[in-house]
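Counting starts at 1 for both ligands and their atoms, in listed order.
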Amino acid sequence: MTTHVVGGGVAGLAAALAARAAGQPVVLHEAAGSAGGRARALPDGTDNGTHAVLGANRAAVGFLKEVGAWSGWVEPEPDGLPVLDLADGSARRVALSPLGWWRGDRRPHGLSARGVMALLRLALPGADAAVGARMAGHPALLRGFVEPLVIAALNTPVTEASSRRLAAVLRRVGGPGAARLHVARSGLGPDLVEPALAALRRGGAEVRFSARLRGVEVEGERAAALQFGGERVALGDGDRVVLALPPWEAARVMPGLPVPVEHAPILNLHFAREGAGAVRFLGVLGGLCQWVLVRPGAVAVTVSAADAEAGEPVEVLAPRAWGEIRALASAFGLPGEWPVEVPGCRAVKERRATPRHVVGQAAPPDVRALRNLALAGDWMEPVLPATIDAAVRSGRRAVRALG
Ligand SMILES: Cc1cc2nc3c(=O)[nH]c(=O)nc-3n(C[C@H](O)[C@H](O)[C@H](O)COP(=O)(O)OP(=O)(O)OC[C@H]3O[C@@H](n4cnc5c(N)ncnc54)[C@H](O)[C@@H]3O)c2cc1C
């Protein structure tokens with residue numbers, strides 16, 4: 001009655017925890033030498049990319065609480081996100097939740113009464129269209145709020161991003177506490193991956209690294225064996241499998257599976273910087289940087305939907321980004337030194353960070369692909385974007401689907 005979970009990203013970790021909670025013996029097979037997948041710590045401890053979790057991401061928050069990691073997540077900007085518009089140098093705090101917009105100084109750039117109506121219309125269920133086209137009549141609001149939100153949440157340019165998926169996000173962030181944004185205080189290793197692995201091991205799960213699934217032997221409507229390089233794991237009558245793989249790997253081991261084939265990159269620039277102090281999370285409009293995370297010892301820049309930027313060399317990107325960071329530091333009075341000289345910078349380019357959430361994106365396949373095999377992964381989310389939250393939900397759903 002063993003549950004084999006293949007893939008040690010967030011979806012696989014959540015599936016393994018759910019199966020253990022249901023009393024099943026669990027073996028987690030991960031191809032890499034460490035867990036976390038697209039939300040991981042690199043060998044030197046740097047995050048592959050900044051990950052933010054909103055209050056609306058209830059499954060993600062629940063998962064972090066379940067593994068005892070939530071206390072490591074901090075809300076860096078409870079009074080609204082500091083945003084600098086490089087076009088005119090204006091600096092303001094923006095409430096992510098419409099509930100915060102009753103204060104004039106917390107409203108997004110470009111918001112008007114007509115704009116609020118347009119956002120309300122955008123949040124309603126309806127026909128799918130490109131967000132950019134839907135908001136073409138409100139260029140200031142599109143630039144000042146909708147586009148940064150779409151790029152951050154859907155990792156897709158507004159010209160092609162699905163209004164239906166954005167609507168689902170907008171409906172979620174409206175509630176009390178739903179737009180509170182949290183980031184890992186120390187990093188994804190200590191604040192997500194390590195506590196999840198520790199919880200699994202405490203629960204008696206076996207975790208196997210460097211175990212790359214090569215293929216699934218199918219007999220009739222069930223998986224009969226898993227092939228891991230030299231090793232073949234035969235599946236007994238009660239054994240089950242959760243495939244928690246990224247879409248391209250799921251399609252490789254199960255040929256014919258319909259998976260998303262278009263992905264969008266996220267670029268992160270990590271600057272070394274001495275200094276202690278509070279964690280900060282700030283936004284930039286009209287620059288290379290979109291979001292800047294300041295943590296003791298490091299500053300990380302996020303550029304989502306980075307189709308063009310991911311092709312640029314770090315020697316070009318770093319000075320540009322550092323100039324914008326210095327402007328942010330000056331606009332919001334960030335403590336410490338922000339010298340002209342560009343500090344050491346490392347670029348991490350995740351070329352397939354998430355599926356592109358385009359108009360008319362095909363629905364994911366059935367969760368239960370075989371009688372004893374279910375699919376998980378952020379890409380299995382039919383309504384909301386591919387995120388940690390989607391990955392957690394997919395992992396739990398896969399375990400439920402197998403009964
Ligand atoms: C730079 C970046 C920034 C992001 N920012 C955010 C954010 O701010 N907020 C948010 O919620 N989400 C964010 N995301 C998205 C989030 O990271 C993903 O949605 C989530 O981590 C996906 O988890 P997953 O388990 O579905 O897939 P993955 O993380 O891809 O996990 C799949 C796992 O399977 C393993 N594997 C692959 N092939 C095999 C095989 N053949 N056999 C065994 N194992 C295999 C992989 O090594 C990996 O560990 C970001 C992603 C990136 C890349």
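A salt bridge links R208 with E231: the closest approach of a Lys/Arg side-chain nitrogen to an acidic carboxylate oxygen falls below 4.0 angstrom. Salt bridge status for E217 with R232: present, with a side-chain N to carboxylate O gap under 4.0 Å. Ion pair R368/E221 not flagged as a salt bridge, since none of the NZ, NE, NH1 or NH2 atoms sits closer than 4.0 Å to an Asp/Glu carboxylate oxygen. Under 4.0 Å is where a charged nitrogen must lie from a carboxylate oxygen, and between R356 and E160 at least one such pair does. A salt bridge links D105 with R103: at least one charged nitrogen is closer than 4.0 Å to a carboxylate oxygen.
Counting heavy atoms closer than 4.0 Å to ligand 1, residue R38 contributes atoms from both its backbone and its side chain. Looking at L213 against ligand 1, both its backbone and its side chain come within 4.0 Å, counting heavy atoms. Within the 4.0 Å heavy-atom criterion, the part of A244 lying near ligand 1 is the backbone and not the side chain. Of the heavy atoms in V6, only side-chain atoms (C-beta onward) come closer than 4.0 Å to ligand 1.
In this structure, T50 counts as a contact residue of ligand 1, since one of its heavy atoms falls inside 4.0 Å of the ligand. Heavy atoms of V53 come nearer than 4.0 angstrom to ligand 1 in no pair at all. Under a 4.0 angstrom heavy-atom cut-off, A211 registers as being in contact with ligand 1.
The protein heavy atom nearest to atom 53 (C) of ligand 1 is A353 CB, 3.5 Å. Scanning the protein for heavy atoms near atom 44 (N) of ligand 1, the closest one is A31 N, 3.2 Å. Atom 36 (N) of ligand 1 has its closest protein heavy atom at L245 CD2, 3.7 Å. Protein heavy atom nearest atom 31 (O) of ligand 1, with residue, atom name and distance: G9 CA, 3.4 Å. The nearest protein atom to atom 2 (C) of ligand 1, hydrogens excluded, is given as I266 CD1, 3.6 Å; this is a heavy-atom distance. In terms of protein heavy-atom proximity, atom 11 (O) of ligand 1 is closest to I388 N, 2.9 Å. The protein heavy atom nearest to atom 22 (C) of ligand 1 is D378 OD2, 3.5 Å. Of the protein's non-hydrogen atoms, H51 NE2, 2.7 Å is the one closest to atom 17 (O) of ligand 1.
The heavy-atom pair separating G110 from A140 by the smallest distance is CA-CB, 3.8 Å. Nearest heavy-atom pair, L166 versus L154, reported as atom, atom and distance to 0.1 Å: N-CD2, 4.1 Å. A pairwise comparison of heavy atoms in W101 and R107 identifies O-NE, 2.7 Å as the closest pair.
In this structure, of G229, G37, A11, G33, the residue bringing a heavy atom nearest to atom 25 (O) of ligand 1 is A11. Relative to atom 9 (N) of ligand 1, the option among A52, G36, A14, G49 with the closest non-hydrogen atom is A52.
Any N or O atom pair closer than 3.5 Å counts here, and E30 shares at least one such pair with ligand 1. In terms of polar-atom proximity, V253 is not counted as a contact of ligand 1, lacking any N or O under 3.5 Å from an N or O of the ligand. At under 3.5 Å, not a single nitrogen or oxygen of G12, backbone or side chain, sits near a nitrogen or oxygen of ligand 1.
Those atoms of ligand 1 with a heavy atom of E249 less than 4.0 angstrom away are 37 (C), 38 (N), 39 (C), 40 (C), 41 (N). For ligand 1, the atoms sitting less than 4.0 Å from at least one non-hydrogen atom of G377 are 26 (O), numbered in the order shown with element in parentheses. Less than 4.0 angstrom separates some heavy atom of N268 from each of these atoms of ligand 1: 1 (C). Proximity to A386 (heavy-atom distance under 4.0 Å) selects the following atoms of ligand 1: 19 (O). Listed by number with element, the atoms of ligand 1 under 4.0 Å from a non-hydrogen atom of A391 are 23 (O), 26 (O).
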* To do: Decide side chain to side chain contact (heavy atoms under 4.5 Å, CB included) for S162 and V358; before the verdict, give the C-alpha distance in whole Å, the side-chain angles of both, and the deciding distance to 0.1 Å.
  => CA-CA 5 Å; S162 154; V358 296; 6.0 Å; no

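In the displayed structure, D44 atom CG is contacted under 6.0 Å by more than 12 heavy atoms of other residues, nucleotides or ligands. For R201, the CZ atom counts as densely surrounded, since its 6.0 Å shell holds more than 12 non-hydrogen atoms of other residues, nucleotides or ligands.
Taking CG of L288 as the start and CH2 of W322 as the end, the distance is 14.0 Å to the nearest 0.5 Å.
In the model, D88 has a side-chain atom that pairs as donor or acceptor with a side-chain atom of S90 under 3.5 Å.
Contact annotation: the side chain of K349 never approaches that of P265 to less than 4.5 Å [non-hydrogen atoms, C-beta and beyond].
Relative to the six-membered ring of F332, R280 misses at least one condition, a distance below 6.0 Å or an angle of at most 45° to the axis.
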